[in-house]
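Predicted model only: the values in this text are computed from it and were never measured. We're numbering straight along the sequence, starting at 1.
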Amino acid sequence: MLDELGVAYVIGGSFASSAYGEARSTRDADLVVELRSDEVEALASRLEGDFYMSRDAIREAIRDHRSFNAIHLESMFKIDFFVLGESAFDREEFGRRVPRPIEELGGHTWLIKTPEDTVLRKLEWYRASGDKADQQWRDVLGVLAVWRGRLDEAYLDRWAATLGVSDLLERARSAVANL
């Protein structure tokens with residue numbers, strides 16, 4: 001649907017970490033979207049009927065670079081749409097998205113975050129939780145374990161320092177090395 005509307009997106013969150021690490025079930029999906037005000041009506045028109053959503057919430061999210069959600073009425077599956085931020089990391093992460101089939105989404109090929117960007121965002125969420133979001137931490141360890149030896153370590157180090165999560169990245173690497 002987003003492709004049809006010409007809205008650039010990337011899937012992150014648990015779908016990305018499950019694609020790269022330990023699979024887990026979830027009742028929501030996180031998408032980062034590059035959405036403009038003039039695209040609100042087209043998106044809302046496609047969602048209404050099948051999803052509960054608010055046009056006002058979408059407009060506010062675009063204005064404030066925040067998130068809005070849409071809830072599928074039949075299944076109660078929630079999609080969190082994060083409007084693309086303005087930071088250098090937001091832009092680079094978005095530009096690095098890769099096509100990958102996702103079984104939980106019908107096996108279709110979707111654009112998802114890279115394993116490195118998935119790790120970095122999960123570390124940010126973990127840090128924001130006061131280092132208490134255990135599922136975020138398990139997701140990080142799962143991706144690092146599965147992708148051991150195949151990650152762009154220099155990219156991880158550079159952005160971890162910028163994002164203030166270098167200590168967490170080192171702790172996660174150490175935990176995976178001891179598995």
Going hydrophobic residue to hydrophobic residue with side-chain gaps under 4.5 angstrom, can you get from [X] over to [Y]?
X	Y	result
Phe68	Val32	no
Phe94	Trp110	no
Leu156	Trp137	yes

Nearest 0.5 Å, what's the [atom1]-[atom2] distance between [X] and [Y]?
X	Y	atom1	atom2	result
Ser14	Glu22	OG	CD	12.5 Å
Arg158	Glu116	CZ	CD	11.0 Å
Thr114	Leu151	OG1	CG	8.5 Å
Met76	Ile71	CE	CD1	5.5 Å
Glu124	Gln136	CD	CD	11.0 Å
Glu86	Arg91	CD	CZ	7.5 Å

For a 4.5 angstrom cut-off between non-hydrogen side-chain atoms, does [X] reach [Y]?
X	Y	answer
Val83	Arg66	no
Ile58	Leu35	yes
Leu163	Leu123	no
Arg24	Arg138	no
Glu48	Met53	yes
Leu5	Glu39	no
Ile62	Arg36	no
Val7	Met1	no

So which heavy atom on [X] is nearest to which on [Y], and how close?
X	Y	answer
Leu141	Ala175	CD2-CB, 3.9 Å
Thr118	Ala16	OG1-CB, 3.5 Å
Ile112	Ala19	CD1-CB, 3.9 Å
Ala70	Phe81	CB-CE1, 3.9 Å
Leu111	Pro99	CD2-N, 3.8 Å
Phe15	Ala29	CE1-CB, 3.4 Å

Does [Y] offer a backbone N or O that forms a donor-acceptor pair with the side chain of [X] under 3.5 Å?
X	Y	answer
Tyr52	Leu73	no
Ser45	Glu41	yes
His65	Leu84	yes
Arg55	Val40	no
Tyr126	Val165	no
Arg96	Glu93	no
Arg121	Gly12	no

**Message:** Take a 6.0 Å sphere around CH2 of Trp125 and say whether it holds more than 12 heavy atoms from other residues, nucleotides or ligands.
**Reply:** no
**Request:** Evaluate the side chain to side chain contact (heavy atoms under 4.5 Å, CB included) criterion for residues Phe82 and Asp30: first the C-alpha distance (whole Å), next the side-chain angles of each, then the deciding distance (0.1 Å), finally the verdict.
**Result:** CA-CA 7 Å; Phe82 294 84; Asp30 296 335; 3.8 Å; yes
**Prompt:** When you look at Asp131 and Leu168, which way does the side chain to side chain contact (heavy atoms under 4.5 Å, CB included) test go after all the steps?
**Reply:** CA-CA 9 Å; Asp131 298 358; Leu168 294 177; 4.0 Å; yes
**Request:** Let me see the working for Asp117 and Val10 under side chain to side chain contact (heavy atoms under 4.5 Å, CB included), right down to the final yes or no.
**Result:** CA-CA 11 Å; Asp117 293 320; Val10 62; over 6 Å; no
**Request:** Classify the angle between the aromatic ring planes of Trp159 and Phe89 as parallel (below 30°), tilted (30 to 60°) or perpendicular (above 60°).
**Result:** tilted
**Prompt:** Should Tyr20 and Arg100 be marked as a side chain to side chain contact (heavy atoms under 4.5 Å, CB included) after you check the CA-CA gap, both sets of side-chain angles, and the distance that decides it?
**Reply:** CA-CA 10 Å; Tyr20 294 123; Arg100 187 168 175 111; 3.7 Å; yes
